[in-house]
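Let me begin by presenting the structure, written as structure tokens, before commenting on it.
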Amino acid sequence: KKKKMFTHIRTSKENKEVVSQLTRKLNLGTENYVSRIALTYSLSKDRVLDIKNIQNSSGKEYSNKVLFGDYIDYYVGMVALHYGIHVSDKDLGKYVKMHIDDGLSLLNDEVASNSNIDGFDFLVEKIENSLISIN
């Protein structure tokens, strides 16, 4: 019998407003897109988060389908690979949630320190910096 993957992710209460503000400010699409960017941005920092430090789940709730669309296997795969766990691991959803919350906080700090930021320019800068660090 195949183990069931998590079906919903809830951000922290603090990040409920953060994701709305970032969505308006960056203008990159709906909140789920900003949450996807937050997840991958957090993972790009190459830090392992401690599950004991998981934040509350009183914020915005997303179903898997809304959050990841047709790309859930890729996002879940990145998190599983990062932690060396199987995609059916019972804690996988917690790690996804932690990296979304972490990424939203990181993005919020960066956007707050640059009031003229444009979402497209912001992404291009991050991608360019990542490509430079690979070379």
Side-chain angles (χ1 to χ4, degrees):
K1 185 183 170 201
K2 191 175 179 219
K3 280 179 86 174
K4 193 169 174 21
M5 193 188 301
F6 62 92
T7 57
H8 290 80
I9 295 289
R10 269 186 179 269
T11 66
S12 69
K13 184 178 184 183
E14 297 73 20
N15 280 329
K16 184 174 186 176
E17 185 54 34
V18 167
V19 76
S20 298
Q21 288 172 355
L22 286 170
T23 300
R24 286 191 300 275
K25 185 111 172 132
L26 296 175
N27 198 23
L28 292 167
T30 55
E31 289 186 4
N32 52 320
Y33 291 139
V34 171
S35 291
R36 290 178 195 181
I37 292 165
L39 171 67
T40 53
Y41 189 45
S42 175
L43 287 172
S44 78
K45 298 297 185 183
D46 208 25
R47 292 172 297 140
V48 173
L49 303 180
D50 188 340
I51 209 158
K52 291 194 292 281
N53 298 331
I54 194 164
Q55 295 184 45
N56 66 70
S57 294
S58 306
K60 176 94 177 171
E61 182 177 83
Y62 298 99
S63 70
N64 281 353
K65 187 71 179 152
V66 168
L67 186 56
F68 297 122
D70 295 331
Y71 304 104
I72 187 164
D73 292 343
Y74 298 104
Y75 288 99
V76 167
M78 284 190 289
V79 176
L81 193 62
H82 188 71
Y83 286 92
I85 59 177
H86 193 270
V87 291
S88 65
D89 189 286
K90 67 175 177 53
D91 288 333
L92 185 68
K94 292 178 182 173
Y95 287 119
V96 170
K97 178 232 181 330
M98 288 175 67
H99 279 284
I100 290 173
D101 278 332
D102 181 58
L104 288 170
S105 297
L106 292 170
L107 289 172
N108 193 41
D109 291 346
E110 285 208 34
V111 169
S113 67
N114 185 351
S115 59
N116 297 324
I117 204 158
D118 166 78
F120 183 77
D121 293 340
F122 176 75
L123 283 184
V124 169
E125 178 199 323
K126 295 299 169 204
I127 292 166
E128 284 176 348
N129 291 344
S130 296
L131 291 174
I132 290 165
S133 67
I134 291 171
N135 292 332

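Heavy-atom basis, side chains included; hydrogens, waters and symmetry copies ignored. Just so it is clear, the structure is predicted and the values come from calculations on it, not from any experiment.
Between K65 and D70, the closest side-chain pair of non-hydrogen atoms falls below 4.5 Å. Two residues are said to be in side-chain contact when any heavy atoms from C-beta on lie closer than 4.5 Å; V18 and L22 meet this criterion. The closest side-chain heavy-atom distance from I100 to L67 is below 4.5 Å. The shortest distance between side-chain heavy atoms of N15 and K60 does not fall below 4.5 Å. Between D73 and F68 the shortest side-chain heavy-atom distance does not fall below 4.5 Å.
Atom CD of E17 sits about 12.0 Å away from atom CG of L104, to the nearest 0.5 Å.
A salt bridge between K45 and D102 is absent, with no side-chain N of the basic residue lying under 4.0 Å from a carboxylate O of the acidic one.
Neither V79 nor L81 shares a network with the other; the hydrophobic side chains, linked directly or stepwise wherever heavy atoms of I, L, V, M, F, W or Y lie under 4.5 Å apart, form separate groups for each. Both L92 and V66 belong to a single network of hydrophobic side chains, linked directly or stepwise wherever heavy atoms of I, L, V, M, F, W or Y lie under 4.5 Å apart. Hydrophobic clustering of Ile, Leu, Val, Met, Phe, Trp and Tyr side chains at less than 4.5 Å, counting indirect connections, keeps Y41 apart from F120.
Enclosure of atom NZ in K16 is not indicated, since only 12 or fewer non-hydrogen atoms of other residues, nucleotides or ligands lie within 6.0 angstrom. The number of heavy-atom neighbours closer than 6.0 Å to OH of Y33, taken from other residues, nucleotides and ligands shown, is 12 or below.
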TODO: Using the side-chain contact (heavy atoms from CB on, under 4.5 Å) rule, take Y71 and R36 through it: C-alpha gap first, then chi angles, then the decisive distance, then the call.
DONE: CA-CA 10 Å; Y71 304 104; R36 290 178 195 181; 4.2 Å; yes
- [ ] Could you check H82 against D46 for side-chain contact (heavy atoms from CB on, under 4.5 Å), going step by step and ending with a plain yes or no?
- [x] CA-CA 8 Å; H82 188 71; D46 208 25; 3.7 Å; yes
TODO: Take I37 and L107, measure what side-chain contact (heavy atoms from CB on, under 4.5 Å) needs, and give me the verdict at the end.
DONE: CA-CA 9 Å; I37 292 165; L107 289 172; 4.2 Å; yes
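Without hydrogens or angle criteria, R10 side chain to S58 main chain gives no donor-acceptor distance under 3.5 Å.
Under the 30°/60° scheme for interplanar angles, the aromatic rings of Y83 and Y95 are found to lie parallel.
Scanning both residues, V96 and L39, for their nearest heavy atoms gives O-CD1, 3.9 Å.
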